[in-house]
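To start, the structure under review is shown below, and the notes come after it.
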Amino acid sequence: MTDTLFAKIIRREIPATIVYEDDDVLGFKDIAPQAPVHVLFVPKNEAIPTLDDLKPEQAPLAGKLMLAAAEYARREGFAQDGYRVVMNCREHAGQTVFHIHLHLLAGAPLGRFGTPG
Ligand code: 5GP
């Protein structure tokens, strides 16, 4: 697996607050939260740098990231209030870690998004 920061977290070589784990997905708190709840969901067993690198046969993995976020939201009790999931791809989206990950943001009404700048 490519040696990204998240690969090191998956291997428990650097600490993170892990809040979700199944066979394929690890969820841990973002170190610089942008909302009261900010969790990152990453594939544990495949190193995929960006969404643009995802192959059709890896579609189930993308679904597992979404389902992990939804399960976590239900488990933690904020599914009904609502939440947002985001995946940044490359420079214009501000991607900084090149191991695909889904951001889950929740815990308060969220501002709108997608404006330039
Ligand atoms: P991206 O900007 O690539 O979509 O998201 C990367 C995320 O990783 C950022 O939200 C950033 O705050 C988070 N992050 C960066 N370094 C660390 C770290 O060492 N630990 C944790 N838990 N999150 C990190």
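What you see below is based on every heavy atom in this structure, not just the backbone, and it leaves out hydrogens, waters and symmetry mates. When a ligand or atom number is given, it counts from 1 through the structure's own listing order. Computed from a predicted structure; not experimentally measured.
The CG atom of Leu102 lies 5.0 Å from the CE atom of Met87; values are rounded to the nearest 0.5 Å. In this structure, CG in Leu51 is found 9.0 Å from CD in Gln95, a value given to the nearest 0.5 Å. If you take CD on Glu21 and CD1 on Ile10, they are separated by 9.5 Å, rounding to the nearest 0.5 Å.
Within 4.0 Å of ligand 1, heavy atoms belong to protein residues Leu5, Phe6, Ile9, Phe28, Lys29, Asp30, Ile31, Ala32, Leu40, Asn88, Gly94, Gln95, Thr96, Val97, His101, His103.
At distances below 3.5 Å, not a single donor-acceptor pair connects side-chain atoms of Asp81 with backbone N or O atoms of Pro109.
Ring centroids of Phe41 and His101 are separated by 6.0 Å or more, keeping the two rings apart. In this structure, Phe28 has its ring center closer than 6.0 angstrom to the ring center of Phe6.
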